[in-house]
Amino acid sequence: MNWTPPKLRRLLIGPENILGVMTGQVARIAIQALYFILLARLLGVSGYGTFAAIVAAGAIAAPFSSIGTNILMVRNIAQGKSSAKSEWLRALLYSTLLGTLLAAATAYIVSNFKAFDTSIAVIFGLIVADSVGLKIIEMSGSFWQALGKSSQLVWLPPVINFLRLIATAFLMFNQINVDIAVWSVVYSLVTLPLALVIALITTQLSPGPANYNKFWKISRSEIRQGLQFCFGVSAATAYNDIDKTQLASMISTSSAGIYASAYKIIDMAYVPIRSIAIAFYPKFFKTGKEGIAASNRLARKILLPCLCLGALGFTIVQFAAPLVTILLGDDFKRSESIMRGLAFVLLIRPLSFTAGDSLTGSGNQGFRTSIQITLTLANFMGNLILIPQLGIEGAIITTIVCELVLAITMWTYALRLEKKASRRKTHEAIHTLQ
């Protein structure tokens with residue numbers, strides 16, 4: 001593609017506002033990096049492993065807390081289907097009520113794992129902070145982005161990470177003895193009040209009329225579509241995070257801590273690519289109304305810069321790996337080799353997200369969800385086989401293989417649909433001429 005300066009300028013500061021979104025993501029990750037370093041030192045490798053495994057379990061269940069109304073909100077606003085205020089209120093209602101119930105159920109299940117020697121209240125505090133509090137904060141950013149106002153998407157994520165950083169720094173520098181129980185309380189108190197404030201502000205400022213007697217209603221068709229989104233997001237989260245929970249239960253929380261710390265660094269390196277994904281997500285729904293060919297064109301448009309950013313991140317991780325021990329301490333030394341192996345994800349994931357968002361935007365979420373669920377099960381089974389034999393390296397192999405299969409399958413199906421659509425148009429044109 002001809003990336004002339006005007007085109008690049010429009011891409012960065014145009015309607016998608018990639019530069020603005022990336023600025024927010026970089027600010028978020030810079031704060032998150034400091035927070036991660038301090039928290040890892042504060043809790044130690046075993047404590048951090050317990051925290052990461054519990055949060056990972058909650059993240060897998062979290063997408064179902066809203067039955068997909070948060071994604072339906074973005075789609076409906078982007079396509080001008082309904083009132084923005086009504087969409088926000090509905091997503092907020094379901095995310096809060098169902099999110100709390102789901103957090104309680106997930107905490108009960110996780111508390112029965114022998115690896116987690118802590119109370120259900122501690123586990124619930126960690127899970128509800130993310131599945132309800134953090135979700136509302138991120139949902140507010142997505143709401144304003146769908147309305148074409150991406151500034152909120154820029155500054156909201158760094159705020160919560162900054163508050164968590166301040167809390168961690170206060171505990172550490174005052175030499176307060178912190179275990180996972182204390183951190184659960186702090187984690188909740190930092191996240192939930194901020195979510196409440198943001199929810200009230202967004203509700204007050206959201207445009208459009210709202211029928212307060214009917215805003216909560218959701219049709220069977222929307223429930224079906226919403227659950228497709230839920231299963232897709234949950235499956236994507238599962239094959240990213242389920243290995244942390246499996247490592248904690250099958251080997252030790254220390255192994256989970258080493259693996260989770262390496263994965264966190266890979267996640268930070270993925271930030272520039274995630275910025276592009278976030279910025280273009282609403283546009284996939286807009287172009288998707290024209291069909292799979294239009295959404296595939298958009299996917300190809302952003303694929304090359306994403307691959308370049310992935311290659312850059314991969315290179316940086318390979319050279320920067322020794323810094324892990326210096327920053328986190330000797331207990332995390334093994335994370336150096338782990339993050340070098342996981343870095344291959346940065347080269348593969350741009351392929352899967354571009355094709356996946358193209359399928360979602362063009363109304364083919366069903367296939368995306370089915371393949372994600374299939375690979376989640378494959379990831380789980382692969383870990384069951386490889387982790388007992390290879391330990392952490394087994395989790396790395398399973399992750400990379402699943403990412404590669406996902407990318408190939410997504411693009412193969414997206415291109416096949418495009419060819420079918422092209423042949424159909426050709427046949428229709430010939431029929432018209434006859």
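For reference, positions follow the sequence shown, starting with 1. Any value given below was found using the heavy atoms of this structure, including those in side chains, with hydrogens, waters and symmetry copies removed. Please read these numbers as outputs of a predicted model, since none were measured by experiment.
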- Message: Ring-plane angle category for Y187 and F51, please: parallel below 30°, perpendicular beyond 60°, tilted otherwise.
- Response: perpendicular

- Message: Once rounded to the nearest 0.5 Å, what's the spacing between atom CD1 of I160 and atom CG of L165?
- Response: 11.5 Å

- Please confirm whether K244 makes a cation-pi placement over Y259, using NZ or CZ under 6.0 Å from the six-membered ring centre and within 45° of the ring normal. no

- Nearest-0.5 Å distance that lies between atom OG1 in T106 and atom CD1 in I127: 5.5 Å

- Answer with yes or no whether the side chains of S295 and T287 bring together a donor and an acceptor at under 3.5 Å. no

- Task: Please check if any side-chain donor atom of N379 sits under 3.5 Å from a side-chain acceptor atom of T398, or the reverse.
- Result: no

- Task: Measure from the ring center of F314 to the ring center of F319 and say whether it is less than 6.0 Å.
- Result: no

- Query: Does the side chain of T118 reach to within under 4.5 Å of the side chain of D179, using non-hydrogen atoms?
  - Reply: no

- Task: Compare all side-chain heavy atoms of L417 with those of L359 and state whether any distance is below 4.5 angstrom.
- Result: yes

- Item | Side chains of I273 and R349 in contact at under 4.5 Å (non-hydrogen atoms) | no

- Query: Are any non-hydrogen side-chain atoms of M250 and L384 less than 4.5 angstrom apart?
  - Reply: yes

- Query: So, the side chain of T202 versus the backbone of A199: is there a donor-acceptor pair under 3.5 Å, distance only?
  - Reply: no

- Using a distance-only test with no angle check, is there a side-chain donor-acceptor pair under 3.5 angstrom linking T191 and R164? yes

- Task: Using only heavy-atom distances, determine whether the side chains of T409 and T412 contain a donor-acceptor pair under 3.5 Å.
- Result: no

- Note, R340 side chain near S337 side chain (heavy atom, < 4.5 Å): no

- Item | Spatial distance of atom CG (L38) from atom CG (L43) [nearest 0.5 Å] | 11.0 Å

- Query: Quick check: does any side chain N or O of S358 sit under 3.5 Å from a backbone N or O of N296, one acting as donor and the other as acceptor?
  - Reply: yes

